[in-house]
K.L.:
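To start, I am sharing the structure in question, which I have written as structure tokens.
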There are 2 protein chains.
Amino acid sequence: MDDYQDYRLFQELSLLLDHADRLVLRQFRLNTLQYNALLLLDTDEGWRLTDLSERLLCERSTVTRLVDYLESEGLIARSPDPGDRRSQRVTLTAAGVARRREAQAAIEEAIGRRFSVLSREEERQLIAMLKRLRAVVSAEIEATTEATSPEASDTLS
Amino acid sequence: MDDYQDYRLFQELSLLLDHADRLVLRQFRLNTLQYNALLLLDTDEGWRLTDLSERLLCERSTVTRLVDYLESEGLIARSPDPGDRRSQRVTLTAAGVARRREAQAAIEEAIGRRFSVLSREEERQLIAMLKRLRAVVSAEIEATTEATSPEASDTLS
DNA sequence: CGCAATTTGTTGCGATTGCAACTGTTGCGA
DNA sequence: TCGCAACAGTTGCAATCGCAACAAATTGCG
């Protein structure tokens, strides 16, 4: 039963990776979430805020403030959705493209250096294991949250 | 170059694991950091706050507030260090032992369920890879932080 | 000894985020 | 068409945490 050792190691590595990323991204006035958002965005197709929140695994309110910040930095632009007045489309500006390119170069250099301690075969195994774990934990979260919030169950109503 | 896929997967799994842990620990009025602190503490030997912060990978100020909270919950006790009037020793109370036992049972049940998707051999490999990654990232952080803060370098002074 | 540097813990402040409540919009069924 | 549920985005509030500044205590060096 080395489960707990896995868990502690994973937790510690998460903290370290997040801290290391912060140090890299700080130069570009971005945090991890903001950077991940820039990676998703594009100059053509705009993302809706709700879709961003689902992809980034955070609340819609967090995306509102995230977009507020990136907009104030001139990196993205909000535009009304042509088909739905409730929605907004978020696209990258030229400055956003530039900032993303700089940050991406720095981050990917760091990531490559970190993962260079793994062989190609090990990476393949790691990815497979992480995917299986992700599926299990996703299911666990879904089960507990829908057990808490009553939602539309299959009982009458 | 699947480094980036590793990275994204790892990041996503971190978020999911943290969220799942929160859901489990919420019942015990603890967050992840508070739980990890309880795990370290003991009824006999007391920990100094600074040592806790190093072990928990967080700032001393965070430990101050963490200890404030756990003390207000009656789970731990501060006592003066006999040998150094600056220091305090933090020990578990009986209530702390009880709360830790309950939370630990719940968390370890969850962890065991999550990691049950890995074979014993895979777990062994995972641990080995995580340890190597931890070493690399630790070194990276140490290098960048000591490059930022001038510290006592090896040059004259 | 005497004073400067270091260490320990605390506080103020700002940044980040989740949750709940809210406004305005859309879609659907009676 | 009306009304209501669902949805998109926002805001208020509280919790959490890092960083910098600080007071008190200790250490170490001249």
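Reckoned from all heavy atoms, side chains included, excluding hydrogens, waters and symmetry mates. Naming convention: chains lettered A, B, ... in sequence-line order (proteins, then strands); numbering from 1 in each chain. Note that the coordinates shown come from a computational prediction; the quantities given were computed from them, not determined experimentally.
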K.L.:
What are the 5'-most and 3'-most nucleotides of DNA chain C lying under 4.0 Å from any heavy atom of chain B?
P.N.:
C:dT7 to C:dC19
K.L.:
Just to be sure I understand: a Watson-Crick pair is purine N1 to pyrimidine N3 plus N6-O4 or O6-N4, both under 3.5 Å. Using that and G-U wobbles, which stems of three or more pairs involve DNA chain C?
P.N.:
C:1-30 with D:1-30
K.L.:
Please report the distance, rounded to the nearest Å, between CG in B:L57 and C1' in D:dG18.
P.N.:
14 Å
K.L.:
Regarding B:R8 and B:Q5, do their side chains bring together a donor and an acceptor under 3.5 Å, going by distance alone?
P.N.:
no
K.L.:
By nearest nucleotide on DNA chain D, pick out whichever of B:Y69 and A:H19 is the more 5' one.
P.N.:
B:Y69
K.L.:
What residue pairs, at least two apart or across chains, pass ring-ring contact (aromatic ring centres under 6.0 Å, His included) with a residue in residues 26-65 of chain B?
P.N.:
none
K.L.:
Indicate the atoms forming the closest heavy-atom contact of B:A37 with B:L70, along with that distance.
P.N.:
CB-CD1, 4.3 Å
K.L.:
With the side chain counted from C-beta on, respond yes when B:R48 and B:Q88 share a heavy-atom pair under 4.5 Å apart, and no when they do not.
P.N.:
no
K.L.:
Mind checking what makes salt bridge (charged side-chain N to carboxylate O under 4.0 Å, His left out) contact with B:E109, not counting sequence neighbours?
P.N.:
B:R113
K.L.:
Tell me the salt bridge (Lys or Arg N to Asp or Glu O under 4.0 Å) pairs involving residues 23-35 of chain B, sequence neighbours left out?
P.N.:
B:R29-B:E73
K.L.:
With sequence neighbours left out, write down each residue that passes side-chain contact (heavy atoms from CB on, under 4.5 Å) with A:D18, or none if nothing qualifies.
P.N.:
A:R22, A:T32
K.L.:
What string of B, S and - do you get for nucleotides 4-13 of chain D, 5' to 3', if B is base contact, S is sugar-phosphate-only contact and - is no contact with any protein heavy atom under 4.0 Å?
P.N.:
--BBSBBBBB
K.L.:
Want to settle it: does B:L23 or A:R22 sit nearer the 5' end of DNA chain C, counting the closest nucleotide to each?
P.N.:
A:R22
K.L.:
Side-chain atoms of residues 56-65 of chain B: list all donor-acceptor pairs with protein atoms under 3.5 Å, sequence neighbours left out, distances to 0.1 Å.
P.N.:
unit_1 : atom_1 : unit_2 : atom_2 : d
B:S61  : OG     : B:R65  : NH2    : 3.4
B:T64  : OG1    : B:R60  : O      : 3.3

K.L.:
How close or far is atom P of D:dA15 from atom CD of A:E59, stated in whole angstroms?
P.N.:
17 Å
K.L.:
Where along residues 25-41 of chain A does a heavy atom come under 4.0 Å from DNA chain D, residue by residue in number order?
P.N.:
A:R26
K.L.:
Partners of B:E71 by side-chain hydrogen bond (donor to acceptor under 3.5 Å, both in side chains), sequence neighbours excluded?
P.N.:
B:R78
K.L.:
Among A:L15, A:V117, A:D21, A:L13, find the residue that satisfies the side-chain contact (heavy atoms from CB on, under 4.5 Å) test when tested with B:V137.
P.N.:
A:L13
K.L.:
For A:R55, give me all partners under salt bridge (charged side-chain N to carboxylate O under 4.0 Å, His left out), at least two apart in sequence or on another chain.
P.N.:
none
K.L.:
Can we say B:E102 and B:R99 salt-bridge, meaning some charged N sits less than 4.0 Å from an Asp/Glu carboxylate O?
P.N.:
no
K.L.:
With A:N31, which residues qualify under side-chain hydrogen bond (donor to acceptor under 3.5 Å, both in side chains), at least two apart?
P.N.:
none
